[in-house]
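Written out below as structure tokens is the structure these notes cover.
Note that ligands are numbered from 1 as they come in the structure, with each ligand's atoms numbered from 1 the same way.
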Amino acid sequence: MSDAPRQDWIASPGAPLRGTLRVPGDKSISHRAVMLGALAEGVTHVTGFLEGEDTRATARVFEQLGVRIETPSASERIVHGVGLHGLLASSDALDCGNAGTGMRLLAGVLAGQGFDSVLVGDASLSRRPMRRITEPLAAMGALIDTDPGGLPPLRIHGSRSLHGIDYALPVASAQVKSALLLAALYAEGETVVREPHPTRDYTERMLAAFGWPIDYAPGQARLAGGHVLRATDVSVPADFSSAAFFLVAASVVPGSELQLEAVGMNPRRTGLLAVLRAMGADIVETTAREQGGEPVADLLVRHAPLRGIEVPVELVPDMIDEFPALFIAAACATGRTTIRGAAELRVKESDRLATMASGLRALGIDIGETPDGAVIEGGRFGGGAVRSHGDHRIAMSFAVAAQLASGEVRIHDVANVATSFPGFMPTALAAGMHLRDATAAA
Ligand code: S3P
């Protein structure tokens, strides 16, 4: 298991955020590019790949399964596909690190193999619910054992014959949808996945780009087994979720004017933009274009006073990873922000409703936690210490909060920022934020 060593940051008010920056590649797309590249016939060249711990773990797993992956330069991968049936068994467990996406999508792929595998993860991933994939995969004929409570490790029995299903997801989850679609590549007949609310469609788009016949529309995807994936090049846009910290930081720090380049603008990811704008943010999309089949844009964000709002429930899935950043914007806004319909935040890399509530309270913000959301009163941050619980997005969010704090903020346990945004500190410093490494208190 791969728990990162303890590391803290001390963050404090910096300068207005200015200049132009580009955040790293999209995590969701990077995972999928390695996976489909590995299962394709031919060689897939991935550019803009996220050099994060999560996506590197996925690449390592495929190397363990016999796939050759070259790294000609940082943020580039050349994946030598072995075809749908070319993976080899690994006698060692396959370590997904901190990555829920890695583990859940891999479970779909491995359920269709002619060999057994074991998927493990770090302490946080080992607490995350897996029944949401093991139950529908079992309905397709897969056999996966878990620890009590449906928790990892996942012991996946191979040599099962899978068959298609028509499955309505109980919760909106792109990971569950994708696990089923990947298992469906190996299944007899057709699989249909229906969602209660549309989620990110990267698996569907990429399967189509790799030549697999698939019908999809927001909220539904349908494909049949028995085809071939053909290698294609993948150009990964910058990750909207990583850009989100800077959208909020530049919105709340007076005097800021920051340009973010080539940000992925898939509409299933950009709910935060709509919410920040409704709060009064000044964010302008310039030079909207396409990159690798995905909409991208440069975003110009200028400081603007924010006011609290009721976050529309229908936007929750489109901003599911951006709530930690939104909580900071809400705490800086005038008035009250209400969040509902976001119980899924409790089963992310940490319980994000609880970790954000306790961190904001530690900095003097009035926040009430509800079973599926929070009520945040705008206020002023004091100094203090907050626990990120090893959650990358919590750590980065409090680094943003500290830019407006009246004293220093110690953020505990930040090493996992490297899972999604390895260069966060130098990028934040270059933009004007104040942040430094500190040894973890005993
Ligand atoms: C992801 C889907 C979302 C998201 C995660 C990445 C994906 O998870 O929170 O960071 O790449 O499919 P859920 O499917 O659990 O909502």
Let me see the working for Asp321 and Arg200 under salt bridge (Lys or Arg N to Asp or Glu O under 4.0 Å), right down to the final yes or no.
CA-CA 12 Å; Asp321 291 334; Arg200 64 194 74 191; 3.3 Å; yes

Close aromatic pair by centroid cut-off 6.0 Å: Phe398 and Phe327:
no

Taking both backbone and side-chain atoms of Val176, is any N or O found less than 3.5 Å from an N or O belonging to ligand 1?
no

Tell me whether the rings of Phe246 and Phe424 are parallel (<30°), tilted (30 to 60°) or perpendicular (>60°).
tilted

In the protein, what heavy atom is nearest to atom 6 (C) of ligand 1, and what distance, to one decimal place, separates them?
Thr101 OG1, 3.3 Å

Using a strict 4.0 Å threshold on nitrogen-to-oxygen distance, state whether Asp298 and Arg289 make a salt bridge.
yes

Heavy atoms only, cut-off 4.0 Å: how does Lys348 contact ligand 1, side chain, backbone, both, or neither?
side chain

Considering only protein heavy atoms, which is closest to atom 11 (O) of ligand 1, and at what distance to one decimal place?
Ser28 OG, 2.7 Å

Nearest option to atom 14 (O) of ligand 1, as decided by whichever heavy atom of Ala179, Ser173, Ser420 sits closest
Ser173

Is there a donor-acceptor contact under 3.5 Å from the side chain of Asp233 to the main chain of His45?
yes

Protein heavy atom at shortest distance from atom 12 (O) of ligand 1:
Arg32 NH2, 2.7 Å

Minimal heavy-atom distance between Asp437 and Met425, with the atoms involved, is N-CE, 3.8 Å

Which protein non-hydrogen atom lies closest to atom 2 (C) of ligand 1, naming both residue and atom, and how far is it?
Gln175 CG, 3.6 Å

Relative to the heavy atoms of Ile320, which atoms of ligand 1 are at a distance of less than 4.0 Å?
9 (O)

Under-4.0 Å heavy-atom contact with ligand 1, by part of His31 that carries it
neither

Which heavy atom of the protein is the closest neighbour of atom 10 (O) of ligand 1, given with residue, atom name and distance?
Asp321 OD2, 2.8 Å

Are Asp201 and Lys177 close enough for a salt bridge, meaning some N to O gap below 4.0 Å?
no

